[in-house]
Amino acid sequence: MSTAAAKIGALTLRPLDPLKDAELLHGWVTHPKSAFWMMQDASLVDVERAYMEMAADEHHHAYLGLHDGVPAFLMEKYDPAHRELVGLYEPEPGDVGMHFLVAPTDRPLHGFTRAVITAVMTELFADPATARVVVEPDVGNKAVHALNAAVGFVPEREIRKPEKRALLSFCTREQFEEAVSA
């Protein structure tokens, strides 16, 4: 464990429980700092329903991220050949789509968000079938573009999704390893 990681603490993931975790998630996704999550007006029932649908979807999975055992972030992984990016790019074998959200806090921990995205990417690449990770953040989300670049993502182009203009970006296992070893 690096010195920076030791200062952050343990980051772990567990499958999201849509019923048990809905109230917690509702507070996160409707917070003003989570505007790019596009659920600002969602009710608790809306959040519960959205994650129940995801739990039943073989191509989209949600995980609750824990910081020293306390819920602190959300990770979603999806198959871009079947969800989110269908028809917007040509998926390759081993592509995995990803979203992540760090819980809003009034007491931010320096380096925490970067540690989270690094942990998320480490988890995704722990599966030998994952060749590259695909993301499609809002073009206006400059903070996440910088985080993505820090872990090896390379933007390809802007795409138009029904809900936003997005920056389609990719990160191979090699790009990730090079970025985090620097």
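All values derive from a computational prediction rather than experimental measurement.
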Gap between atom CE of M75 and atom CZ of R14 - 0.5 Å precision: 13.0 Å
From L147 atom CG to I117 atom CD1, the distance as rounded to the nearest 0.5 Å: 5.5 Å
Heavy-atom side-chain proximity of M121 to C171 below 4.5 angstrom: yes
Where at least one partner belongs to residues 61-77, residue pairs that pass salt bridge (Lys or Arg N to Asp or Glu O under 4.0 Å), sequence neighbours excluded: none
same_hphob_cluster(F73, F125) at 4.5 Å side-chain heavy-atom cutoff: yes
Expected output: side-chain T130 to main-chain L124 donor-acceptor under 3.5 Å: yes
D57 side-chain N/O to M54 backbone N/O, donor-acceptor pair under 3.5 Å: no
Contact summary for A103 and W28, nearest pair of heavy atoms: CB-CE2, 3.2 Å
Contact summary for A166 and K161, nearest pair of heavy atoms: CB-CD, 4.2 Å
Under 3.5 Å: donor-acceptor pair, side chain of H26, backbone of A42: yes
Enclosure of E178 CD (heavy-atom neighbours >12, cutoff 6.0 Å): no
H145 versus G140, closest heavy-atom pair with distance: NE2-N, 4.4 Å
Same apolar cluster: F153 and L85, side chain cutoff 4.5 Å: no
Non-hydrogen atoms of G152 and A179 that approach each other most closely: N-CB, 3.5 Å
Y89: ring pair (Phe, Tyr, Trp, His ring centres under 6.0 Å) partners, not counting sequence neighbours: F170
Residue pair V70, L66: steps toward the side-chain contact (heavy atoms from CB on, under 4.5 Å) verdict: CA-CA 5 Å; V70 177; L66 308 172; over 6 Å; no
E156 vs S169, side-chain contact (heavy atoms from CB on, under 4.5 Å): CA-CA, chis, key distance, verdict: CA-CA 5 Å; E156 181 175 284; S169 303; over 6 Å; no
Main-chain N/O of R107 paired to T105 side chain as donor or acceptor, under 3.5 Å: yes
E84 CD to H82 NE2 distance, which is reported to the nearest 0.5 Å: 13.5 Å
Joint cluster assignment, L44 & V29, ILVMFWY side-chain distance < 4.5 Å: no
Backbone N/O of P137 and side chain of N141: donor-acceptor pair under 3.5 Å: no
Close aromatic pair by centroid cut-off 6.0 Å: F112 and H67: yes
Pairwise distance CG(L16) to CE(M52) - rounded to 0.5 angstrom: 10.5 Å
Check: E136 main-chain N/O paired with K164 side-chain donor or acceptor under 3.5 Å: yes
Minimum-distance pair of heavy atoms, taken over all atoms of V86 and A81: CG2-O, 3.5 Å
Path from V135 to L88 over hydrophobic side-chain contacts below 4.5 Å: no
Spacing of CE belonging to M98 relative to CD belonging to E123, to within rounding of 0.5 Å: 12.0 Å
Approximate separation, where rounding is to 0.5 Å, of L25 CG and L64 CG: 6.5 Å
Test item: V134 and L168 side chains (from C-beta on) under 4.5 Å apart, heavy atoms: yes
Minimal non-hydrogen separation, V154 against Q175, with atom names: CG2-NE2, 3.5 Å
Heavy-atom side-chain contact between R83 and D79 under 4.5 Å: no
Worked verdict on E53 versus H60 for side chain to side chain donor-acceptor pair (under 3.5 Å): CA-CA 9 Å; E53 288 173 9; H60 203 161; over 6 Å; no
Residues, nucleotides or ligands: over 12 heavy atoms within 6.0 Å of E90 CD: no
Note, T113 side chain near F100 side chain (heavy atom, < 4.5 Å): yes
Step-by-step side-chain contact (heavy atoms from CB on, under 4.5 Å) determination, D138 to R165: CA-CA 6 Å; D138 190 288; R165 282 181 31 241; 6.0 Å; no
Donor-acceptor contact below 3.5 Å, side chain D95 vs main chain E92: yes
E23 atom CD, over 12 foreign heavy atoms within 6.0 Å: no
Path from L74 to Y78 over hydrophobic side-chain contacts below 4.5 Å: no
